[in-house]
Amino acid sequence: PQILRLAREKRALLLFGGFGFRDFVMRRRVDDVKAQLVDPASDRYTIEGIGASAGFRSRSALYDAFRRLEGTTPTAFRADRRATGRSSPS
């Protein structure tokens with residue numbers, strides 16, 4: 001039953017979200033990384049460590065996904081947030 005439920009959820013994502021399961025997971029991971037990058041409590045962690053905590057297995061996977069979805073790198077995103085003082089991951 002759990003396999004059928006997963007398949008049903010995957011179909012719902014495709015039908016109502018317009019994207020696949022992998023895209024959904026990647027978006028959630030990138031959003032998690034963005035939230036951590038703007039959190040001052042996470043300043044002591046490396047970007048690679050933050051990416052690993054969000055489920056990215058390598059630096060290149062993190063940077064590729066982040067650049068594709070956000071149009072910038074995690075390093076530039078963090079630096080921009082620090083320079084502007086914005087704490088919202090939008």
Side-chain angles (χ1 to χ4, degrees):
Q2 186 168 349
I3 293 173
L4 293 175
R5 188 183 66 165
L6 179 60
R8 187 173 41 233
E9 290 170 357
K10 189 173 180 180
R11 281 192 306 265
L13 287 172
L14 289 170
L15 292 173
F16 300 109
F19 49 85
F21 183 72
R22 290 183 69 200
D23 296 325
F24 172 77
V25 170
M26 201 62 56
R27 169 48 64 194
R28 294 289 300 256
R29 288 178 179 171
V30 168
D31 287 345
D32 184 20
V33 169
K34 286 171 52 180
Q36 291 184 63
L37 288 175
V38 300
D39 182 1
S42 295
D43 282 351
R44 62 186 172 172
Y45 300 114
T46 65
I47 291 174
E48 290 79 7
I50 290 171
S53 75
F56 288 99
R57 292 184 180 191
S58 69
R59 181 182 190 274
S60 62
L62 165 62
Y63 274 70
D64 288 346
F66 202 96
R67 189 177 298 115
R68 185 177 61 232
L69 294 173
E70 297 301 322
T72 188
T73 65
T75 302
F77 181 85
R78 180 183 253 180
D80 178 57
R81 298 299 176 188
R82 286 180 177 166
T84 61
R86 289 184 287 175
S87 62
S88 172
S90 58

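No hydrogens, no waters, no symmetry mates; every other heavy atom, side chains included, goes into these values.
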_Does any part of the side chain of Gln36, heavy atoms only, come nearer than 4.5 Å to the side chain of Asp32, both counted from C-beta?_
yes
*Do Arg82 and Arg78 have side-chain heavy atoms sitting under 4.5 Å apart?*
yes
_Set of side chain to side chain contact (heavy atoms under 4.5 Å, CB included) partners for Ala76, sequence neighbours left out_ = Thr72, Thr73
_Working for side-chain contact (heavy atoms from CB on, under 4.5 Å), residues Val33 and Phe56_ = CA-CA 10 Å; Val33 169; Phe56 288 99; 3.9 Å; yes
*For side-chain contact (heavy atoms from CB on, under 4.5 Å), just list the numbers for Arg29 and Val25, CA-CA rounded to whole Å, side-chain angles, deciding distance to a tenth of an Å, and then say yes or no.*
CA-CA 6 Å; Arg29 288 178 179 171; Val25 170; 3.6 Å; yes
*asked:* Looking at every non-hydrogen atom in both residues, tell me the closest pair between Ile47 and Pro74 and how far apart they are.
replied: CG2-CB, 3.6 Å
*Looking only at heavy atoms, what is the nearest atom pair of Ile50 and Ser42, with distance?*
CD1-O, 4.0 Å
_Test of understanding: with salt bridge (charged side-chain N to carboxylate O under 4.0 Å, His left out), list the residues that count as partners of Arg27, not counting sequence neighbours._
Asp31, Glu70
Show every donor-acceptor pair shorter than 3.5 Å between a side-chain atom in residues 62-69 and any protein atom, with sequence neighbours excluded, or say none if there are none.
{"residue": "Tyr63", "atom": "OH", "partner": "Thr75", "partner atom": "OG1", "Å": "2.6"}

*Within the distance-only criterion (no hydrogens, no angle test), does the side chain of Thr46 pair as donor or acceptor with the backbone N or O of Gly49 below 3.5 angstrom?*
yes
